[in-house]
Amino acid sequence: MSLGNTAAAKRPVLEAQGISKHYGGIVALDKVDLTLNEGEVLAIVGDNGAGKSTLIKALTGAIAKTTGVIRFDGAETQIDTPGDAKTAGIETVYQDLALVNEISITKNVFLGREIVRDDWLGRWLGVLDFKKMDAEIRDLFDKLDIRIADIYRDAEAFSGGQRQAVALSKTVMFGKRVAILDEPTAALGVRESKMAMDLVRSLKDHGLSVIMITHNMQHVLNYCDRVMVLRLGRLVAVRDVADVDGDTLVGLITGAKEAGAQA
Amino acid sequence: MSNTDGHSGTSNPGTSAAWIVRIRHDLMQIWPVLASLILIYGFFFTMSPPFRSIDTLLSIFGQASILAILACGTTIVLISGGLDLSVGSIFAVVGVSVGIFMAEWGLPPFAAVCLGLAIGAALGALNGTIQVLTKVPAFIVTLGGLTAYKGLAEILASGRDLSRFPDAFKFFGTGNAIPMVIMFAAALLTGLFLTKTRLGNRAFAIGGNEEVARLSGVPIAKSRIYYYMLGGLLAGLAAMVEVAKLNFAMPARGQSYELYAIAAVVIGGTSLFGGRGGVGKTLLGMFIMQTIIVGLSYLGVGTSYQRIAIGAIIIAAVYWDVWRRTAR
């Protein structure tokens, strides 16, 4: 499964050093380092409260980190808002916060990056070009084999799997380099989970490197190249997926197994 | 949400064009409102012979028009998940201001109208800015605005006779027709804003789920200030139509207009909780309210009882909104 690990890979796209997040006296995240290599799927695992979501929120500017440096393609990059992350080419799918129920699929995909008409109405009044947006979404869905026809309908009309597919498709549409996914299969059934994970794997083919939070060890073993384990806000291990099994991972997550980090 | 069969990959049956989907969608949403309007009109039509005249119908539209212009702004603010209780007082400030501009300073109507719109927009934007900066809830900030702007209007008007305006200005309040034309124009522009523009479309996203919108890179604070600004601008427009119609300005005008506007918006089916709605619905809601008020007067029911009726309808409309949200 770890084909992406060989040959061309090993060039870091995103590096984070010493990321901490304090809430008053509480240390939610304690000097965590992270390296994401070109073309890989990196899993972040850990128990509840381990700091997984805090870490990706700090990486994507959704919360202000207390300390830490982020490098993108080797250059130090300031990421303080979700907008900064998007500009850098990082696209994030947050758990439960991916789509607005009340607006259409088209409007959801383009939310925050709407296409305006290429005339004075667009430039001066921000009049949207729905034709162009619809067409781009149809292309995108074709490319990713997402079968949703009624892109004009409100997002709430769709199943969990369809909604997740739409959210993931945004990373291909806009994520120039990196996709960060917070439990992409959390609310999904078995069949829908598999579809979502196949879609995650296909993100690689579209030039994206992926960071994925998950609780599902099978998904780590089947779909990821490397895995980092967090416990109580600290990084406790980074391993090549080829070198671990499910039991080892669970041991690292719960603390039953201690490990010197770094794979 | 009945789609639990797991056929997530299969396409929905009947791939329809965008406009068919939209019309079907709109009809599904407004049919109860439309049906209520017809039933209510039909009720008074049967009960009261004088109610049956075309003049009555026109006067319903005419009386609705000023409040409906103001309610267009309320629609934008409520869709974005906001609330503005101060627009009735903004209405008073703008009314008194244009009165001063023309009656005292002798400004030409065109200049007075432009300034009036600017004042309305500025006061609305001030509400939005204070909320965004202080994070004090909209209810409190605009409740403060409600009394503060009212005080401002009283100070501006005190000791002044604000009446007898130029004909060119009074034209905007001529009969039922001109206010109605202005109402439909304001509603049309508001509708285009909400459905066609980036800022307007973002109102639905911010009102639907502010956190998702923020994470998607939508500038929440800036957008919100614009929505309150447009709310103030439309309140100012409504005020000027009324001043033109009455041919005098006084700070007591606009009292409770914000509540009637919110009532009409909610009766029409725009959600009080944001994310859903439209200006066409607001017009329907306003017509329902005015039909009830006019109809009850024809039946000899006094103003106090009319207020009780409107109050009950507001609660029923919000209940319906809550029910739709939870019982889907």
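Chain letters run A, B, ... following the sequence lines, proteins first, then strands; residues in each count from 1. Nothing here was measured: the structure is a model prediction, and the numbers come from that model. Below, all heavy atoms of this structure are taken into account, side chains as well, without hydrogens, waters or symmetry copies.
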How many angstroms lie between CD in A:E114 and CG in B:L199, if you round to the nearest 0.5 Å?
->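 If we round to the nearest 0.5 Å, A:E114:CD and B:L199:CG are 9.5 Å apart.
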
Under 4.5 Å, heavy atom to heavy atom: which of residues 86-99 of chain A reach chain B? Give them by number, or say none.
->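 If one takes a 4.5 Å heavy-atom cut-off, the residues of residues 86-99 of chain A near chain B are A:K86, A:Y94, A:L97, A:A98, A:L99.
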
Is the closest basic N to carboxylate O distance between B:R276 and A:E156 below 4.0 Å?
-> yes

Okay, B:T195 and chain A: the region with an atom under 4.5 Å from a heavy atom over there is backbone

Checking A:V116 against chain B: side chain, backbone, both or neither under 4.5 Å from a heavy atom?
->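 Answer is side chain: those atoms of A:V116 sit under 4.5 Å from chain B.
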
Engaged part of A:F130 at the chain B interface, taking heavy atoms whose separation is under 4.5 Å =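 Side chain only.
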
Taking every heavy-atom pair that is under 4.5 Å apart, which of B:G208, B:S216, B:S271, B:G207 has the most such pairs with chain A?
-> B:S216

[X], [atom1]: over 12 other non-hydrogen atoms inside 6.0 angstrom:
{"X": "B:F273", "atom1": "CZ", "result": "yes"}
{"X": "A:D118", "atom1": "CG", "result": "no"}
{"X": "B:Y226", "atom1": "OH", "result": "no"}

Under 3.5 Å: donor-acceptor pair, side chain of B:R198, backbone of A:G122 | no

With B:F204, the side-chain contact (heavy atoms from CB on, under 4.5 Å) member among A:D154, A:L111, A:I103 =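 Only match with B:F204 under side-chain contact (heavy atoms from CB on, under 4.5 Å): A:I103.
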
Any A:K107 side-chain heavy atom under 4.5 Å of B:N201 side chain |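 They are in side-chain contact.
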
